[in-house]
Amino acid sequence: MTREQARIEIERLSALLHHHNYRYYSLDDPQISDQEYDHLLRQLQALEDQFPDLKTEDSPSQRVGAAPLSAFAEAQHLQPMLSLDNAFSDGEVEDFDRRIRERLNRRDPVAYVCEPKLDGVAVSLLYRNGCLERGATRGDGRSGENITANVRTIAAIPLRLQGDAIPTAVEVRGEIYMPRTGFEQFNDDARARGEKTFVNPRNAAAGSLRQLDSKITAARPLSIFAYSVGYTEGWGDMPASHLDMLARLKAWGLPVNPLIRVANTLDECFEFYESIASLRDTLEYDIDGIVYKVNDLTLQERLGFVARAPRWAIARKFPAQEMTTTLLDVEFQVGRTGAVTPVARLEPVFVGGVTVSNASLHNRDEIERLGVYIGDRVIVRRAGDVIPQIVRVVEEERSTHVRPIIFPEHCPVCGSPVEKSGSEAIMRCSGGLVCAAQRKEAIKHFASRKAMDIDGLGDKLVEQLVDAGLVASVADLYQLDKSRVASLERMADKSAENLLAAIAASKNTTLPRFLYALGIREVGEATAQGLAVHFGSLEALASASEDALQDVEDVGPVVAYFVREFFDASDNLAIIDALRRAGIHWPEMAKPDAASQPLKGQTWVLTGTLETMGRAEAKDKLVALGAKVSGSVSANTHTVVAGPGAGSKLTKAEALGIRVFDETAFLSFLKEQKQ
DNA sequence: CTACCTCGAGCTCA
DNA sequence: CTCGAGGTAG
């Protein structure tokens, strides 16, 4: 066969395979058998092997996985991936609908698209000019992990969108899942080989996507349903409704859930919920509820967003699955602030896809409310998807052997009296740093990532260090010597060296981190940042009065009181002193003065995508220079920074005669400011 | 809270 | 091989 003949044949086979992929995954209506499909695929692979230079990036043969990665890169979403508000009853859906109609000032019913809510892993697929360029996990909504190589191995995900009228760029959002039959097949095979199995399809999907070696992912039965789009560019004619958009996704070759319907009234929404609930067990995938979305996209735009969720959508959750188990015992844990928390030890029970063996009982009031005794049969569920909760006691099954839960009057760790503080429901150990539990928790907090970030100093090691008497306070960390550390279990020379190096590295820090690390009550990351910026130095903060403290944004009487109390305690001052003498230091906080804030009073707007930095990074840089960064262009806007793909904001800025920087101009501007 | 993946290092045994 | 730590997801 000549090269030219091969080229034509490869093209023919590729088109054929693309077509059958579409029939199979998007339309769920295959025209050929799996064997015939495999046969075509093998023919293509054989030809590509013979003429490797004819192999294309989006060839249907390219689903076998690429070379392993050493780590996942970060992937910025061009438009954030939001979460959804939840509704747990029809009433809450009615409230949702009422809010929407009030906001839109309309009496008529609003049409909603109803979708089964898959319990899988959310992903964003970026297609540029129809080609799959990147796949990313949700992450914090702003940026996630780049899992392109893994995503490319999923047969249901088109490597190239089909049809015309494809936007030049589009982020397709969907849920990757492992079909139930595939999951069971995989587990059966794994068992037969003596390998470990997955507990549920969701974890199987998530675990498969987290493989650095995409060849492993390629061997996992994964699929996807697409349900919306994020960022788009060069769309041509926009869809008018959500349903229209789903139809386009389907036409492009992406699988869309066939059960999706439009409901024209609330009653139809409820009917949909009921019908899906009754189908639930027969579906090939796990679902945990229904999503209702306003169908009309103009209405969606008018409704907009609150915090991290759209106003125009809500997830109606199915009731949490409940199971009965036995309360074996109650232990009392002492936290960093001395809070004594009762924790239920349960006979392990499989509920909502995981094995639950612990559940917090929160406080004494909760125990009383439940009227629970040790030895009782109790009903457990996973509230809000994650946190296990004891719902109630099965009193009919109470045996004569139960015993009451006695809330301790003395700390189970240090023996100090346990006190009720003010109107709080919580009880606290009064031992302070005398209490080994509080000391351990304080050290764990100090070492944690967002605090001093001491690598390798985890829970177990802190326990060991404190129990061995090597460390009593955070200051002692900086006096450790290698031979003593190496005497601990599972700590040989190498580990000890690494630990000491990590501790030494933590000396170089920042004031906000240090403040947060101190573990002052009610002072979290954000408050620590606020205090540091406002006062500029530890000395100024430590000597500030409660009144002066309340001048800081978001600091009220409560926080001010705890900060003052902390710096009034001589123990704390001694520890801070020891830490500073050990060499902990931070750069001076730049006093926000006119010189360092040349953009004070200016409002900047970012639009499009910058190639050399993320949007958040650009924003940080501008804020640091004193600018306010806003989302929309108005007459008050000082400058617009427009990356490639800028849309209406750019047009508006030009219309208003506002200065516009492209990326190059923006970068050189930043450079000028730096000096 | 639980499950999963990945890594480095220690322990165990040949 | 096992353990602990660090990270991710829902």
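Per chain, numbering begins at 1; letters A, B, ... match sequence-line order. None of the values given here were measured: they were computed from a predicted structure.
For A/E195, the CD atom is densely surrounded, since the number of other residues' heavy atoms within 6.0 Å is greater than 12.
The stretch residues 347-373 of chain A comes close to DNA chain B through A/V354, A/T355, A/V356, A/S357, A/N358, each having a heavy atom under 4.0 Å from the strand.
For DNA chain B, the outermost nucleotides in 5' to 3' order that have an atom under 4.0 Å from a heavy atom of chain A are B/dC1 to B/dC11.
Considering only residues two or more places apart in sequence or on other chains, A/Y292 meets the ring-ring contact (aromatic ring centres under 6.0 Å, His included) condition with none of them.
Residue order along DNA chain B, read from the 5' end via each residue's closest nucleotide, puts A/A204 first among A/A204 and A/L69. Sequence order on DNA chain B of the closest nucleotides to A/P388 and A/T197 puts A/P388 first from the 5' end.
Residue-level contact check: A/K444 touches neither bases nor backbone, having no heavy atom under 4.0 Å from any strand. Residue-level contact check: A/N498 touches the backbone only, with heavy atoms under 4.0 Å from sugar-phosphate atoms and none from bases. A/F72 comes within 4.0 angstrom of no nucleic acid atom, judged by non-hydrogen atoms across all strands. Residue A/L212 is in sugar-phosphate contact alone, with no base atom involved, counting any heavy-atom pair closer than 4.0 Å across all strands shown.
Aromatic ring centroids of A/Y112 and A/F272 lie 6.0 Å or more apart. Ring centroid separation for the pair A/F446 and A/Y516 does not come in under the 6.0 Å cut-off. The aromatic ring centres of A/F198 and A/F183 sit 6.0 Å or more apart.
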Could you run down nucleotides 3-10 of chain C 5' to 3' and tag each one B, S or - for protein heavy-atom contact under 4.0 Å?
SSSSSSBB
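Remark: A/E366 engages A/R369 in a salt bridge, criterion side-chain N to carboxylate O under 4.0 Å.
Between A/Q333 and A/E331, the side chains place no donor N or O within less than 3.5 Å of an acceptor N or O (distance only, hydrogens not considered).
Below 30°, between 30° and 60°, or above 60°: for A/F318 and A/Y273 the angle between ring planes is between 30° and 60°, a tilted geometry.
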Contacts table for residues 115-123 of chain A: side-chain donor-acceptor under 3.5 angstrom, sequence neighbours left out:
residue	atom	partner	partner atom	Å
A/E115	OE1	A/K293	NZ	3.1
A/E115	OE2	A/H242	NE2	2.8
A/E115	OE2	A/K293	NZ	3.3

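A ring pair (Phe, Tyr, Trp, His ring centres under 6.0 Å) check over residues 371-393 of chain A, counting only residues at least two apart or in different chains, returns nothing.
The only member of A/D85, A/L84, A/V294 that meets side chain to side chain contact (heavy atoms under 4.5 Å, CB included) when paired with A/P310 is A/L84.
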